[in-house]
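Here the structure is laid out as structure tokens; the discussion comes afterwards.
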Amino acid sequence: MGIVIKTDAEIELMRQGGRTVALILERLGRAVRPGMVTAELDDITVQEAQRHGVKPSFKGYHGYPASVCVSINDEVVHGIPGDRELEEGDIVSLDFGAVFEGMQTDAAVTVGVGQITPEAQRLMEATRGALMAGIEQCRPGARLGDVSATIQKYVESRGFAVVREYSGHGVGRELHEDPQVPNFGSAGSGQRLRKGMTLALEPMVNDKGWLTRLSSNFWTVHTADGSLSAHFEHTIAITDVGAEVLTDLVR
Ligand code: MF3
Ligand code: CO
């Protein structure tokens, strides 16, 4: 399809939808506690989306059965909410996307359940830091490879591994648009960013190796070695001077 440049009016709709996506993720993060079943997080997502006038975009996407992805510990992405109970010390990645007035935004956070290990904390901080470092690279004229390489370096210099089999992506009228935004690569390579591009940057970071394995449910992605994994994602717009995060709570 090629890269789609958005108008200011389209970006304004994504700003509004993105704020709601951020709000719902924040609400979900606060709801997380030991003993809860993950289906409860899906219920909250459905309720809150309805209350705020956005439509969850994952439900039914290639047959995905829920409105939010809930990925626990060694689950990298696309965990399906169900009857599993969260336990103290787990880390939980919450990924949510929604449509508002025809425009999609997509974001994710990883949160701890109660007290978590220092290693899990470090993994989460490295993943969030990598996302923010990638966003800082985004401005007109920068290359996609600059973003990818920055994320990879940030992660690997902290002793973690970045998942290579899943990428960030363009987002807008569609949940997944061109270009792909890998979380590893070479600076100075790839397409140049332009004002009006809207991207979902989403590093997935593993405690040990970068290889993944698909679960028998054909959705949930696990680390191949069973190590912990964290995931943070923002939808951003390329502006004249840099990048605006569209899936932030306050702006
Ligand atoms: N943030 C994820 C992505 O960009 C979520 C998609 S889950 C799916 O791919 F269910 F919609 F596939
Ligand atoms: Co995404």
Side-chain angles (χ1 to χ4, degrees), residues 1 3-4 6 14 17-18 20-22 24-26 28-29 38-39 41-42 45-46 49 54-72 75-82 91-100 103-111 124 127-128 130-132 134-135 138 144 147-148 151 162-184 197-206 212 214-223 229-238 243 245-248:
M1 184 176 62
I3 291 171
V4 189
K6 277 73 177 184
M14 292 176 72
T20 304
V21 164
I24 292 174
L25 276 177
E26 207 259 345
L28 290 172
T38 56
L41 294 167
D42 196 58
T45 303
V46 171
V54 301
K55 185 174 174 286
S57 45
F58 301 168
K59 184 131 189 181
Y61 185 82
H62 295 281
Y64 183 75
S67 296
V68 62
C69 300
V70 180
S71 306
I72 306 167
E75 296 174 352
V76 178
V77 285
H78 305 167
I80 301 172
I91 63 170
V92 183
S93 300
L94 305 164
D95 188 349
F96 177 59
V99 198
F100 175 69
M103 302 305 292
Q104 303 261 357
T105 51
D106 184 7
V109 295
T110 302
V111 299
M124 286 166 49
T127 311
R128 202 185 116 72
L131 170 61
M132 297 323 285
I135 291 172
C138 293
L144 274 176
V147 180
S148 302
I151 291 172
V162 74
V163 169
R164 302 186 178 207
E165 294 150 310
Y166 301 86
S167 295
H169 51 93
V171 56
R173 295 266 162 210
E174 307 293 333
L175 175 60
H176 293 137
E177 297 182 349
D178 286 337
Q180 284 209 65
V181 187
N183 294 302
F184 69 103
M197 286 173 67
T198 47
L199 303 171
L201 267 49
E202 53 176 320
M204 291 144 269
V205 176
N206 298 351
T212 66
L214 189 62
S215 135
S216 55
N217 69 16
F218 295 107
W219 273 110
T220 312
V221 177
H222 295 255
T223 58
S229 189
H231 180 208
F232 281 83
E233 176 175 23
H234 270 311
T235 296
I236 64 161
I238 308 300
V245 176
L246 300 175
T247 43
D248 251 353

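Both ligands and their constituent atoms are indexed starting at 1 by order of listing.
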Residue, atom and distance of the protein heavy atom nearest atom 3 (C) of ligand 1 read H176 NE2, 3.3 Å
In the protein, which heavy atom is nearest to atom 1 (N) of ligand 1, and how far is it? D95 OD2, 2.6 Å
If we set the cut-off at 4.0 Å for heavy atoms, which region of E233 has an atom near ligand 1: side chain, backbone, both, or neither? side chain
Does C69 approach ligand 1 within less than 4.0 angstrom via side chain, backbone, both or neither, non-hydrogen atoms only? side chain
Polar contacts were defined as any N/O atom of the residue lying under 3.5 Å from an N/O atom of the ligand; does this apply to [X] and ligand 1?
{"X": "W219", "result": "no"}
{"X": "H231", "result": "no"}
{"X": "Y64", "result": "no"}

Exactly one of T212, V205, L214 should register a side chain to side chain contact (heavy atoms under 4.5 Å, CB included) with V76. Which one does? T212
Test item: V162 and N206 side chains (from C-beta on) under 4.5 Å apart, heavy atoms: no
When you check the space around the Co ion (ligand 2), which protein N, O or S atoms turn up under 2.8 Å? D106 OD2, H169 NE2, E202 OE2, E233 OE2
Between S229 and T223, which heavy-atom pair has the shortest distance, and what is it? CB-CG2, 3.8 Å
Please lay out, stage by stage, how T198 and K6 fare under the test side chain to side chain donor-acceptor pair (under 3.5 Å). CA-CA 7 Å; T198 47; K6 277 73 177 184; 2.9 Å; yes
So how far is it from L41 CG to S67 OG, rounded to the nearest 0.5 Å? 12.0 Å
Nearest-0.5 Å distance that lies between atom NE2 in H169 and atom CD in E233: 4.5 Å
Using only atom types and a distance under 3.5 Å, with no angle test, would you say the side chain of T235 pairs donor to acceptor with the backbone of D106? yes
Evaluation steps, side chain to side chain donor-acceptor pair (under 3.5 Å), between Y61 and H176: CA-CA 11 Å; Y61 185 82; H176 293 137; 2.7 Å; yes
Going by atom types only, do T220 and N217 share a side-chain donor-acceptor pair under 3.5 Å? yes
Applying side chain to side chain donor-acceptor pair (under 3.5 Å), run through T110 and S93 and close with a yes or a no. CA-CA 4 Å; T110 302; S93 300; 2.8 Å; yes
Do any heavy atoms of A108 fall under 4.0 Å from ligand 1? no
